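Some notes on the structure that comes next.
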Amino acid sequence: MKLGIQINEGPYQHQASDTAYLFTKAALEKGHEIFRVFFYHDGVNNGTRLTTPPQDDRNIVARWSELAEKYNLDLVICVAAAQRRGIVDPDEKKRHGKDADNIAPGFRISGLGQLIEAGIQCDRLVVFGD
Amino acid sequence: MKLGIQINEGPYQHQASDTAYLFTKAALEKGHEIFRVFFYHDGVNNGTRLTTPPQDDRNIVARWSELAEKYNLDLVICVAAAQRRGIVDPDEKKRHGKDADNIAPGFRISGLGQLIEAGIQCDRLVVFGD
Amino acid sequence: MLHTVNKSPFERNTLETCLQHAKDGSTILLIEDGVYAATEGTRFSDTIKKAMETKTVCALLPDLKARGMHEKVIEGIKLVDYAGFVDLVEQNERVQAWL
Amino acid sequence: MLHTVNKSPFERNTLETCLQHAKDGSTILLIEDGVYAATEGTRFSDTIKKAMETKTVCALLPDLKARGMHEKVIEGIKLVDYAGFVDLVEQNERVQAWL
Amino acid sequence: MSEEMMEEGGVVKKFMYVNRKAPIGSIYALESLEVVLIGAAFEQDVCMVFLDDGIYQIVKGMDTNDVEMKNFSPTYRALEMYDVERLYVSKEAMEERGLTTDDLVVDVEVMDASQIADLMEEQDVILSF
Amino acid sequence: MSEEMMEEGGVVKKFMYVNRKAPIGSIYALESLEVVLIGAAFEQDVCMVFLDDGIYQIVKGMDTNDVEMKNFSPTYRALEMYDVERLYVSKEAMEERGLTTDDLVVDVEVMDASQIADLMEEQDVILSF
């Protein structure tokens with residue numbers, strides 16, 4: 001089956017990103033296709049490479065990046081939500097005159113249309129949030 | 001009276017930071033002393049300079065920075081919470097080998113002891129969260 | 001003692017727990033989504049009216065207005081702005097935020 | 001149809017609203033803090049047992065174990081892991097997440 | 001809408017947006033509305049459902065000046081121009097909050113839980129906020 | 001503890017940590033515990049109260065392997081070494097969850113709501129999580 005995943009909360013504060021990750025990994029291991037993972041609301045905060053979690057805990061951002069690389073996942077951060085919360089890629093950095101970007105490897109910033117498209121293209125859309 | 005403020009949620013997702021800001025401003029305008037504003041949990045996300053909220057909406061990060069400058073406020077971001085969520089100042093950048101920092105003007109990163117100290121030193125500690 | 005409640009009573013158990021632990025004579029300030037508890041004609045209106053017999057109930061007017069609820073407030077609830085919120089914190093020796 | 005519930009029934013009204021809107025024959029999967037509803041001897045145990053008469057109730061075992069609740073599960077609740085969660089999504093034509 | 005099942009260039013699916021959270025206190029209402037507006041360009045078969053505290057999103061008379069936030073309440077009235085015309089509210093949610101349709105900024109259809117449950121079963125995609 | 005009101009180098013205040021949220025599903029429990037541990041170094045008069053779903057923070061048998069999180073449950077047993085010895089749980093919260101003190105990883109005192117209310121009124125600082 002072709003799956004779309006929506007994540008509404010940032011890393012650590014709520015379990016949503018953890019559950020979404022373990023669900024996505026299980027789906028991939030079963031041979032399902034992940035069409036897209038869409039990060040919305042505080043979910044965009046999963047896409048910053050500036051985190052340094054304690055060494056004895058999971059690294060939520062890094063394992064999304066690794067999963068994306070291994071399975072060629074499309075990890076999309078909503079641009080409007082990202083602007084409110086300070087998640088920036090090189091394009092956004094230039095566009096808004098910022099002096100730094102913080103997007104993690106394997107993530108890209110795009111519009112809400114990408115979520116609607118996932119709804120249209122996928123057999124199922126599964127939402128994780130608070 | 002001498003006040004300590006604790007903020008547990010990030011900008012925009014929850015109203016906590018808005019309420020804390022308007023409360024803090026009102027207290028300052030009444031002549032009270034704000035000993036410290038302590039950002040904990042997702043509250044640390046109030047301290048990134050990389051946000052670009054819509055022009056017709058309030059800029060939560062910028063107005064904290066402005067309030068800090070006007071009243072010489074002590075805005076403290078919890079270091080442990082910040083590491084989990086990717087809020088980085090130049091020291092943290094160096095310490096963890098990051099390639100960028102994102103802390104906003106007027107904020108500083110420090111330890112949880114600063115919260116306890118606020119509890120000890122202040123007449124009242126007021127907590128805002130979800 | 002001042003208790004703040006910032007959650008809708010319909011969504012969470014916060015108000016209920018606050019009322020369980022707020023002593024007679026204490027003050028309860030409804031803020032943010034907590035102000036829905038201050039409105040007339042809801043499933044929780046009687047709960048608040050009962051609490052008002054032994055406690056002072058206040059609500060943050062800016063939050064009521066933001067939600068279009070300022071004309072539905074239960075009579076006797078004291079409305080305050082942010083400056084009034086500061087005054088309540090000053091008048092009470094401690095504050096418990098029921099998050 | 002698959003309904004997921006990720007909130008504690010003690011804290012929020014999520015489970016209650018889900019049960020109100022889940023038709024007979026549908027499947028309810030309790031995840032995250034929602035798994036507390038799957039445990040025996042609580043104020044909500046009877047609510048779940050009643051729901052089980054007309055619906056299939058499942059719970060995510062990793063979440064039960066993480067909370068130390070895996071030995072308190074109500075008999076008849078189907079326990080699944082993340083792979084089982086994926087199967088439930090596949091077996092049902094649509095998913096509603098009660099957040 | 002089954003006669004429109006195949007549009008030029010693609011499928012038309014039934015999308016339902018489920019709103020259960022109060023506005024202002026959190027951003028879910030506002031950002032959900034942003035999805036609906038963007039989604040309108042895709043010409044899908046869309047409806048919105050307001051359950052629980054979600055019905056507070058569409059009450060009249062919101063004035064956000066004193067909380068210094070943008071007031072997005074008028075945007076709900078613009079939904080019609082985006083061809084988002086089917087708005088449903090929960091009868092039970094209205095009743096326990098003492099609200100009537102006169103309190104709302106938009107025209108809605110009131111449905112009880114079993115009607116909403118039926119409607120939900122007809123959807124292809126459900127987005128929850 | 002009034003005989004200790006003035007410690008060498010500073011004031012001793014009564015601190016209460018109020019825990020009302022379930023663990024794992026959100027980080028409040030873990031980060032609250034981090035405050036208590038750091039706070040211990042300040043030698044204040046500390047107590048912790050577990051209300052509502054907060055009592056789930058201290059139940060036995062938590063195994064977080066399959067959710068791939070760090071298990072911080074054993075840390076509660078270390079609180080004693082930090083001189084955090086007064087832990088109170090809500091009688092009402094225990095009862096509606098069908099829990100007894102045998103289900104908990106630490107020794108606690110069970111109090112009803114009116115006792116907890118009294119205790120709360122004695123505090124100088126209340127930190128809520």
Side-chain angles (χ1 to χ4, degrees), chain C residues 1-37 43-44 46-48 50-60 63 82 85-99, chain F residues 2 5 11-23 25-33 35 44-57 88-97 109-129:
Chain C
M1 175 157 174
L2 178 65
H3 300 266
T4 65
V5 174
N6 73 335
K7 295 303 184 314
S8 160
F10 298 98
E11 188 197 30
R12 306 217 205 179
N13 67 341
T14 315
L15 176 69
E16 194 188 326
T17 302
C18 168
L19 293 176
Q20 231 177 31
H21 293 91
K23 289 170 75 84
D24 289 358
S26 62
T27 300
I28 294 164
L29 173 62
L30 304 169
I31 66 170
E32 301 178 356
D33 290 343
V35 299
Y36 290 116
R43 183 157 67 87
F44 291 96
D46 286 345
T47 305
I48 288 292
K50 184 144 178 290
M52 290 166 69
E53 292 171 10
T54 54
K55 301 163 185 79
T56 304
V57 177
C58 308
L60 198 60
D63 277 324
Y82 290 100
F85 185 175
V86 173
D87 292 341
L88 285 173
V89 169
E90 189 175 20
Q91 288 154 18
N92 289 275
E93 275 187 58
R94 60 195 67 79
V95 188
Q96 153 66 356
W98 295 94
L99 300 175
Chain F
S2 53
M5 271 305 283
V11 189
V12 173
K13 280 192 172 182
K14 289 177 188 285
F15 272 69
M16 176 187 275
Y17 297 96
V18 179
N19 296 284
R20 291 185 54 243
K21 295 186 180 166
S26 61
I27 204 170
Y28 305 103
L30 166 59
E31 290 190 334
S32 160
L33 193 54
V35 178
Q44 303 291 303
D45 180 11
V46 169
C47 70
M48 294 177 80
V49 181
F50 298 88
L51 305 178
D52 293 330
D53 283 346
I55 62 173
Y56 283 133
Q57 296 178 16
Y88 305 104
V89 299
S90 156
K91 181 169 170 286
E92 293 83 355
M94 295 287 279
E95 283 172 0
E96 63 174 5
R97 287 163 187 76
E109 187 174 333
V110 181
M111 280 190 172
D112 67 22
S114 81
Q115 289 173 300
I116 290 170
D118 286 341
L119 191 67
M120 214 169 243
E121 294 271 1
E122 291 169 14
Q123 304 305 311
D124 295 307
V125 184
I126 308 176
L127 285 152
S128 316
F129 294 94

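Remember, it's a predicted structure, so these values are computed and weren't measured experimentally. Proteins come first, then strands; the chains are lettered A, B, ... in the order of their sequence lines, and each starts at number 1.
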Which atom names give the shortest non-hydrogen contact between [X] and [Y], and what distance separates them?
X        : Y        : value
F:Ala113 : C:Gln20  : CB-O, 3.6 Å
F:Ser128 : C:Ala97  : OG-O, 3.0 Å
C:Arg94  : F:Met120 : CD-O, 3.2 Å
C:Leu99  : F:Arg20  : O-NH1, 2.5 Å
F:Ile126 : C:Val95  : CB-O, 3.9 Å

- Query: Measuring heavy-atom distances to chain C, does F:Asp118 have an atom under 4.5 Å in its side chain, in its backbone, in both, or in neither?
  - Reply: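 Both backbone and side chain.
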- Proximal component of F:Val125, with respect to chain C [non-hydrogen, under 4.5 Å]: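 No part of F:Val125 comes within 4.5 Å of chain C.
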- Message: Could you check whether atom NZ of C:Lys50 has more than 12 heavy atoms from other residues, nucleotides or ligands sitting under 6.0 Å from it?
- Response: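 Not more than 12 within 6.0 Å, no.
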- Query: Would you say F:Leu51 and C:Trp98 make side-chain contact, with heavy atoms under 4.5 Å?
  - Reply: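 The answer is yes; the side chains approach within 4.5 Å.
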- Task: Just jot down the side-chain contact (heavy atoms from CB on, under 4.5 Å) partners of F:Glu109, sequence neighbours excluded, or say none.
- Result: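 F:Glu109 satisfies side-chain contact (heavy atoms from CB on, under 4.5 Å) with F:Tyr88, F:Met111 once adjacent residues are dropped.
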